[in-house]
Amino acid sequence: MRAKSIFRLRVEPIDLDATLGCGQAFRWRRDPDGSWTGVVGHSILRLSASRGGLTVDPIAASPCAKKDLSTYLRVSDDIASVQRSLGRDGVLSRGILQVSGLRLVKMDEWECLISYVLATYANIPRIKAMIDSVATAFGDEILDGVHAFPNINDLREASTEDLNRCGLGYRAVYLRSICEVLEPRGLDRMKRLSYADLRDELKELSGVGDKVADCVALFGFGRLEAFPIDVWMKRALSRLYGVTGSYAKLSEFARLRFGCFAGYAQEYMFYNERSLATAGRCIFSEE
DNA sequence: GCCCAGGAGTGTG
DNA sequence: CACACTCATGGG
């Protein structure tokens with residue numbers, strides 16, 4: 001830990017409410033003043049919007065906090081280029097301009113894998129609770145009861161009783177199996193794989209099916225062509241494009257329609273679908 | 001109490 | 001390939 005000093009991060013455009021509150025990342029909370037506090041690596045960071053980027057208050061910062069956050073928020077993504085590409089789609093074209101500050105996040109691969117295995121068949125508040133519970137039980141304490149996400153060895157050593165206290169339900173078995181089967185450098189090795197091979201290898205892990213594999217490919221490995229399809233996305237695809245069917249069919253549709261930035265298209269649509277459900281707002285036109 | 005959840009695994013037709 | 005069923009549990 002270094003001395004705490006506020007720093008700035010140049011990133012534009014960015015909308016913290018959309019990016020951190022849309023349900024792609026689970027370790028953030030919105031403060032009453034509109035700033036967001038969360039855990040990235042071994043840092044606790046409080047982010048607030050300021051001209052040209054963010055002001056970051058490192059409540060507890062590891063030496064590489066700024067670099068970690070830059071990676072996490074995908075600062076080097078050319079959002080204008082993404083929007084130009086996706087904007088050719090008649091359905092997305094107007095809506096995406098209204099949430100141009102919605103950025104994909106790039107999580108640690110391991111944290112992403114476990115987070116999305118825990119996320120199966122649970123709502124977002126519960127997912128956050130499960131992840132907090134696992135971090136508190138098994139991760140390094142950073143400061144004042146806030147813990148880093150546990151690494152594979154932390155979870156391997158977890159006792160059954162401690163794990164059962166985390167309220168994971170049947171997901172605990174998946175978590176156990178993954179710790180047992182995955183080689184220590186297994187995820188590092190997967191970084192070199194093509195998207196198709198990455199998906200196939202991830203799906204060999206128990207608790208990882210089509211959807212979780214795509215989430216890990218997108219939010220963990222940064223494969224922007226991945227297009228995770230959950231119940232919200234099925235609804236969105238049905239309503240906006242009139243397409244229904246199996247995962248393979250919807251996936252093929254998305255790949256052809258959105259191409260190499262399908263992941264961003266997915267996040268815009270996911271954001272829209274949930275804000276539609278919670279606030280009754282639809283920012284996309286229907287064909 | 002009821003409904004549903006950023007599904008996966010397994011079995012069957 | 002598609003579908004049906006089960007799985008354990010808590011937030012809204």
In whole angstrom, give me the gap between the P atoms of dA4(C) and dG6(B). 23 Å
In whole angstroms, how far is the P atom of dC7(C) from the CG atom of L168(A)? 18 Å
Result for 5'-nearest mapping on DNA chain B, choosing between C22(A) and Y174(A), is C22(A)
Any base atoms under 4.0 Å from M233(A), or only sugar-phosphate, or nothing? Heavy atoms, all strands. base
Of all the heavy-atom pairs spanning R8(A) and S50(A), show the shortest one and how long it is. NH1-OG, 2.6 Å
Base, sugar-phosphate or nothing for Y116(A)? Non-hydrogen atoms, less than 4.0 Å. base
Pair Y195(A) + F221(A): ring centers closer than 6.0 Å: no
Check the phosphate of dA8(B) against T120(A), side-chain N and O only, distance under 4.0 Å to OP1 or OP2. Yes or no? no
From the set dG7(B), dT9(C), dG11(C), return the single nucleotide nearest to any side-chain atom of Y170(A). dG7(B)
Within this structure, what is the CD1-to-P distance between I131(A) and dG10(C), rounded to whole angstrom? 16 Å
If you measure from the C1' atom in dC7(C) to the same atom in dA5(B), how many Å do you get, rounded? 14 Å
Length of the line joining I178(A):CD1 and dA8(B):C1', which is rounded to integer Å: 11 Å
Can you work out whether G207(A) or P125(A) has the more 5'-proximal nearest nucleotide on DNA chain B? P125(A)
Return the value, rounded to whole Å, for the distance between atom CZ of R126(A) and atom P of dG12(C). 12 Å
Which pair of heavy atoms, one from M269(A) and one from A236(A), lies closest together, and at what distance? CE-CB, 4.2 Å
With heavy atoms under 4.0 Å as the rule, sort V208(A) into base, sugar-phosphate or nothing. sugar-phosphate
Can you tell me how far C1' in dA8(C) sits from the matching atom in dC4(B), rounded to whole Å? 14 Å
note: I127(A), atom CD1; dT9(C), atom C1'; distance rounded to Å ~ 13 Å
Which is true for L205(A) with a 4.0 Å heavy-atom rule: it touches a base, it touches only sugar-phosphate, or it touches nothing? sugar-phosphate
Within the modelled atom types, does a donor on one side and an acceptor on the other bring the side chain of R171(A) and the base of dT9(C) under 3.5 Å apart? no
With heavy atoms under 4.0 Å as the rule, sort G167(A) into base, sugar-phosphate or nothing. nothing
Hey, is the main chain of L16(A) close enough, under 3.5 Å, to the side chain of T19(A) for a donor-acceptor pair? no
Could you check whether K249(A) pairs with E252(A) (Lys NZ or Arg NE/NH1/NH2 to Asp/Glu carboxylate O, under 4.0 Å)? no
Specify the separation, in whole Å, of atom CG of L202(A) and atom P of dG6(B). 21 Å
Is there aromatic stacking of Y121(A) against dG7(B), centre distance under 5.5 Å, plane angle under 30°? yes
Centroid-centroid under 6.0 Å between F26(A) and Y116(A) rings: yes
Length of the line joining L237(A):CG and dG6(B):P, which is rounded to integer Å: 16 Å
Measure from the side chain of R235(A), starting at C-beta and using heavy atoms only, and say which of dG6(B), dA5(B), dA8(B) lies closest. dA5(B)
Looking at every strand, decide which applies to F219(A) at a 4.0 Å heavy-atom threshold: base, sugar-phosphate, or nothing. base
Whole angstroms only, please: what is the CG-P distance between D214(A) and dA8(B)? 10 Å
Within the structure shown, what part of the strands sits under 4.0 Å from P228(A) by heavy-atom distance: base, sugar-phosphate, or nothing? base
So E273(A), base contact, sugar-phosphate only, or nothing? Heavy-atom distance under 4.0 Å. nothing
In terms of heavy-atom contacts, R176(A) and T160(A) come closest through NH2-N, 3.2 Å
With respect to the side chain of W232(A), which nucleotide from dG9(B), dC7(C), dG6(B) is positioned closest? dG6(B)
